Amino acid sequence: MSALIYTGTVQLITGIPTMGLDKTLNHQENHWHSQTVGHVFSQTKSGITGLDDQQALERLSEFGPNKLAASKPTNAVFLFFKQFHNVLLYVLMISAVVTALLGLMIDTAVILGVLIINACIGYLQEEKAEKALLAIRKLLLPYAMAFRNSHWQQIASDQLVPGDIVRVKSGDKVAADIRLIQCHNLRVQEAILTGESFDIEKDPQPVLESIPIGERTCMAFSGTLVTYGQGLGVVVATGHATEIGKISESLKKIKPVTTPLLRKMTEFGRWLAGTTLSIGGVIFLFGTLVRGYSFPEMFLATVSLIVAAIPEGLPVVLTITMAIGVGRMAKKNAIIRHLPAVETLGSVTVICSDKTGTLTRSELTAQKLITASHEFDVQGSGYIPIGAIQDTHKKQASLTQDQELFQFIMAGLLCNDASIQKRDLTWDIQGDSMEGALLVLGMKADMDPEMIRKKFPRTDLIPFESENRFMATLNHSHQGEGYIFIKGAPETILKMCAYQLQDSKLVAINHDYWRGNIENLALQGLRTLALAQKSTSVQKTTLLFTDIQSEMILLGVVGFLDPPRESAYEAVQICHDAGIYIKMITGDHLKTAKTIADKLNLTSSKAVLSGEELAQLTDVGLLEVAEKVDVFARTTAHHKLRLVKALQKRGDIVAMTGDGVNDAPALKQADIGIAMGIKGTEAAKEAATMVLTDDKFSTIVSAVKEGRTVYDNLKKNIMFALPTSGGEALTIIAAILMGYTLPITPVQILWVNMVTAVTLGMALAFAKTEPDVMQRPPRDPKNPIISGFLVWRVIFVSLLIVTAVFGIYIWERRLGTDLATARTVAVNMLVGCEIVYLVNCQRIHQTILNTKQIFSSLPILVAIGIVSLVQVLFTYTAPMQFLFDTSPVTVNSWLRTFALAAVVFLLVELEKVSVAKLKTLALRSFKWNWTKNS
Ligand code: ATP
């Protein structure tokens, strides 16, 4: 149990029955801020020992979970009718009216069918995308530290109830409205409530009842961020009864599912729709006035041309592709908080990563102890508190005989907020892993952490902040002796010490001895921590920074083993192959960082830089260093921010990890801010675009891989949709321009469009990762998705499709086939071309022929199967023949269709190979000219 002391005068209330709680509890009208803590305790029927599970459960059923009503997903009816709000459906609606007026009832029925089916498809697709993204957002549930059943527990925030005793520390998002009981330099940012972005210093003293929210210093409000220090308080309001609950409506709005690329594609879609309408108008006039087609015939042809040319399903298919990517990332433990990150991930050129817990396992084990007289090795691994502590002669250490070691281990247990518990066969640490390792060390030395903490209760504390790199506590024995304990980064602690404890005596500190030993530990890749203490008076109840600045007694240094994660080795190698640089940016010692970086083969240069050296550099100087140096140690959050900016100035796309509250600006500045889900603070998670639920570096690399895949798939979808739409539209345009009978009737075009949009058009959203995706350099974000190559591909494939459709139609007619059958063959040819082109599209640049990928995608095979079946029904069943004027096709016609489809497939593959060859040649000739000229 961690120390829990309240020094004010309150009535300790424990074991009170919960029933009969004041009905005004959990109500905003209670002026908690103007009441004394004692009064608050009696009103909440709680006490400093908090609640037990039974009481909490009863209160939970009475007051409900501590959460605000989730924002409702878009209303289904609204979503359905929203589908009609697009150019294509307007065109279809007008056509249905016009054809009805013209008495073309079959065409009207088909158009209406297409219209409704299109709206249903759009609805289902959009709903799926929205649901997938909502489900992922739910994965990031916050937790709170509550004192339940007499010990600290991490519980889901929505389980908090009025009367719970909770602890908040820097980086936490306050989970409920809390009346503070203790504050240790507690500062809270309440912008979400008050709009003021500066920090508010908190203090448990009550304030006047009339004081506004922003000045209620004894309260911590739900949703606000702790920026510094620690606090302890009692929950007074949860869920909708909190201050934020009152204004929650404004927070409920769901951000629209969009990204820059999706926005660009929607704009492009609008442009395409406008252009198509204009072209349709011209073609209509040309057909009626020049070629002499009848009005109804030309009207229907124009409508089908417009419907064919607009890739109406594309924006939704792109959204689904993104949602699928985001879902895959979530399965691999990377939660995307802002959708645009999915696009950016594929362009990342540098990953700036923390060391502890990201590249390393963060299951710390104290391995070496150094006191002024001895060096000890500690046996055992992980958090199992079994293992011998031996000196260099393999002699078991004895705390009764070694005063230095005894003091050292005591300091480690008392200057510590973690707790350890045995659950079944494993040992579970709550709190910081290094502090947990100090508890394990104490237990290996046969000390009982709880007993020691009871013997020396804590009176005050200066919590750990990464900018200070130390933590200090003030403890008193029951006999009245006062002690200050401090632990932290050795360089920081050394500066505060004047003495060392040696052979039970105080002697002047030997800086050289300690520096040598610290460096030695760091060179072994161990994470180092120094511990010091001094005595103080019985009257002292508050701990100030000035109390620890000097005259401290150094007790010793401990080296913790924190080995690299197995998965990190491979992930680093993948980054090297993928042209992504890795920078290790850590708060740890320079030599520890370098040793771990070398083990991981992470560095390309020998250069390492400390935060102090970095601080000396100008922004211009940093530009050069940012590229050359791969390991930055003893850095602060401010250094991280400068580094991100410098790298971005060099043109890099930066992914940056962070966990602390101070990391928020760097996370926001980075192109991809990545927060740690386990050890990260809520502040870091809020600022991040992506959260890792397992804190692993390899997860970042998996996310980058998924990001690249998503971008490939977006490109593939566009590459498939545009030429197929183009091919369908060109078929009609060409026929009208040449004054030819239409090889495919307007309603048949509508049919093809509808059938392929649901099946083939969706299949590429599920396309698998290309095998070489992590062997290419990162994508340049400046390269537009509608590139010169894409335009060429659209023209090339559109022409292939038109040629094949016209070709087979003319061929059939020349063989004497009747018009209806020839048209049916032409429709099957069109669908055939789309099928083979879908297979082509599985790889954008490389040929698919010599890969196993060709028939490996189940969604593609299913889509092809469905379309083929539907085409058979279209060709041979009576209702279809009636509706679409189709007619049975002979085996020979099918063979001709297959043969031509195969030719189209091979020509696209040939195009891929030729374009690749041309690119290589162009690159070579450019290099040759460049060498010659220079
Ligand atoms: P990384 O950025 O790779 O996660 P880090 O975890 O080492 O690095 P910090 O958490 O800022 O970075 O820690 C910096 C140093 O502060 C550590 O090397 C250690 O010496 C000291 N330190 C860390 N945690 C504590 C703590 N709870 N109490 C006292 N000192 C600590």
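In listed order, ligands and their atoms are each counted from 1. Just so we're clear, the structure is a prediction, and the values are computed from it rather than from any experiment. Residues take their numbers from the sequence shown, with the count starting at 1.
- Within 4.0 Å of ligand 1, protein heavy atoms come from Asp354, Lys355, Thr356, Asp432, Met434, Glu435, Phe464, Ser466, Arg469, Met471, Lys487, Gly488, Ala489, Arg527, Thr528, Leu529, Ile585, Thr586, Gly587, Asp588, Arg634, Lys679.
- Between Glu613 and Leu617 there is no side-chain heavy-atom pair separated by less than 4.5 Å.
- Classification of the His374-Phe376 ring pair by plane angle, with boundaries at 30° and 60°, yields tilted.
- A side-chain N or O of Ser433 and one of Ser362 form a donor-acceptor pair less than 3.5 Å apart.
- Figure legend: cation-pi geometry between Arg187 and Tyr228, with NZ or CZ positioned under 6.0 Å from the six-membered ring centre and within 45° of its axis.
- Shortest non-hydrogen contact noted between Gly382 and Thr365 is N-OG1, 3.5 Å.
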Given side chain to side chain contact (heavy atoms under 4.5 Å, CB included), test Asp694 with Lys332 step by step and report yes or no. CA-CA 9 Å; Asp694 60 2; Lys332 293 181 179 167; over 6 Å; no

